[in-house]
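Everything on this sheet refers to the single structure shown next.
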Amino acid sequence: MSGAAGAGAIAALLRAHRLPMLHSPLAHSLAAAHSLRGRLPLPRAPASTAPLSSRLSLPNLRLGAPRRSFASSCGAPGGAVSSSEAEKEDTRQSELIFLGTGTSEGIPRVSCLTHPSETCPVCTKAMEPGNPNRRRNTGILLRHVTPSGTSNILIDAGKFFYHSAIQWFPAFGLREIDAVIITHSHADAIGGLDCLRDWTNNVQPSIPIYVAQRDFEVMKMTHHYLVDTSTVIPGAAVSTLQFNIIKEEPFTVHNLEVIPLPVWHGQDYRSLGFRFGDTCYISDVSDIPEETYGLLEHCELLILDALRPDRSSSTHFGLPRALEEVRKIKPKKTLFTGMMHLMDHEKVNGDLARLMETEGLDIQLSYDGLSIPVRL
């Protein structure tokens, strides 16, 4: 699809009526989700990255701006926060960092860059230094700040994880990885587990991995030498990982309560999103079971899969379906992730910005290196 066709599809879907919803039965406890309340400040970019505001349409994402309380800026219940109080809170603010926001093959595609007769506008832009269309495998890192210390909790380690870490760990002053939580067992979520050897050989003794049993069974095949280290040749320095099996119920990682959000990622294939405080993260989804919606109530920040501008695929939401889900879930702010090369960052964000005017929906695309202060 050409860039013009993609933009036309986006414009058409913004005028469209709501589509019927599809759901699958799945039972879960809602008590933990109902008990969560919090406030969400606005996003920022790391000081070491090139400023993007001069060429991006990001009316609701303040790049490089001081952190502000989402509650005080958006009139949430609880009263305004004074500047002195906010400054004290900000010194201990947790943050969510997007290490990757793209598809399994990433953006740009080699096939686009080497095409003999056609030029892909998004992949061409992605070759520019600092361009937000440059996207690696989807993943985030939570820097969880508590009175007892700070923990770095990684969500997924895909094929491009090491390249993301080379760029963003120094930029954000990150070093240790205190835990890795796995959404599913596709290569773009677990393909970088072997790269964790740099940490367990040079930074820390081991890394705990939190993974569902079904995905652990896959790891026994794809990463058998990390699961059963008895097969490793003596002296070989592979990743030292501690596997912890999680179920579809709340669990705790370094004093952070994590609530699994079960979803479908293609027919009969289960993937997990996760809720941390009032932030909900669903990176790979084709359908949301009816019972999972209860776990999404009172969500302030929703990070949601949106693969392409015109339609969904068999395994991922497209932009039309993602917008329908936003209207149903009703978060205060939404950031889309997992975009392919048909999603031009500036063009799509320009169209999404109009939804604030027409429907009051605060929605934008995320990008690699985006950092958002969060309440966990």
Side-chain angles (χ1 to χ4, degrees), residues 3 6-19 21 38-45 51-78 80-81 96 98 101 122 132-133 278-282 288 293 296-310 312 317-339 342-375:
I10 298 168
L13 70 89
L14 294 177
R15 297 190 299 267
H17 295 290
R18 296 187 65 174
L19 301 175
M21 304 295 295
R39 294 171 293 175
L40 179 69
L42 295 170
R44 68 175 181 88
L52 303 174
S53 56
S54 60
R55 52 192 172 85
L56 301 184
S57 175
L58 292 173
N60 300 308
L61 304 187
R62 297 200 172 193
L63 306 181
R67 297 175 179 176
R68 294 192 299 130
S69 165
F70 187 86
S72 61
S73 63
C74 296
V81 178
L96 183 154
F98 288 86
T101 59
V122 174
N133 287 298
D278 286 328
T279 296
C280 298
Y281 178 76
I282 304 177
I288 300 177
Y293 285 105
L296 295 168
E297 291 182 2
H298 309 293
C299 171
E300 294 211 357
L301 172 64
L302 174 65
I303 302 169
L304 186 63
D305 186 13
L307 176 68
R308 54 186 297 153
D310 51 348
S312 297
F317 284 166
L319 193 54
R321 176 67 184 275
L323 288 172
E324 292 300 323
E325 296 296 340
V326 171
R327 294 183 179 105
K328 181 170 184 176
I329 297 169
K330 295 180 173 59
K332 289 187 175 180
K333 175 180 279 294
T334 301
L335 291 169
F336 289 141
T337 191
M339 291 80 68
L342 298 180
M343 297 278 274
D344 183 284
H345 187 90
E346 186 171 6
K347 291 180 179 179
V348 174
N349 267 349
D351 287 328
L352 292 175
R354 289 195 284 273
L355 291 175
M356 174 61 81
E357 302 172 3
T358 59
E359 300 183 47
L361 298 178
D362 189 352
I363 308 173
Q364 293 281 265
L365 301 186
S366 61
Y367 58 87
D368 292 24
L370 175 63
S371 171
I372 307 170
V374 291
R375 308 278 181 147

Legend entry - Those residues that, when tested against Asp368, pass side chain to side chain contact (heavy atoms under 4.5 Å, CB included) (two or more places apart): Thr101, Arg135, Arg136, Trp168
Legend entry - Ion pair Arg321/Glu325, N-O distance below 4.0 Å: yes
Legend entry - Cationic N near anionic O, under 4.0 Å, Glu297 to Lys330: no
Do [X] and [Y] come within less than 4.5 Å of each other through their side chains, counting heavy atoms only?
| X | Y | answer |
| --- | --- | --- |
| Arg327 | Leu361 | yes |
| Val326 | Leu302 | yes |
| Met339 | Ser366 | yes |
| Gln364 | Leu335 | yes |
| Thr334 | Leu323 | no |
| Leu96 | Thr279 | yes |

Atom of [X], atom of [Y] and distance for their closest heavy-atom approach:
| X | Y | answer |
| --- | --- | --- |
| Asp344 | Leu365 | O-CD1, 4.4 Å |
| Tyr367 | Phe98 | O-CB, 3.6 Å |
| Leu307 | Met343 | O-CG, 3.5 Å |
| Asp310 | Pro320 | O-CG, 3.5 Å |
| Asp305 | Phe317 | O-CB, 3.4 Å |
| Ser312 | Gly318 | OG-N, 2.8 Å |

[atom1] of [X] to [atom2] of [Y]: how many Å apart, nearest 0.5 Å?
| X | Y | atom1 | atom2 | value |
| --- | --- | --- | --- | --- |
| Leu301 | Cys280 | CG | SG | 8.0 Å |
| Phe336 | Ile363 | CZ | CD1 | 5.0 Å |
| Leu296 | Ile282 | CG | CD1 | 5.0 Å |

Inset, instruction - Please assess Arg375 against Glu300 for the test salt bridge (Lys or Arg N to Asp or Glu O under 4.0 Å), listing each intermediate value before the final yes or no. - result: CA-CA 10 Å; Arg375 308 278 181 147; Glu300 294 211 357; over 6 Å; no
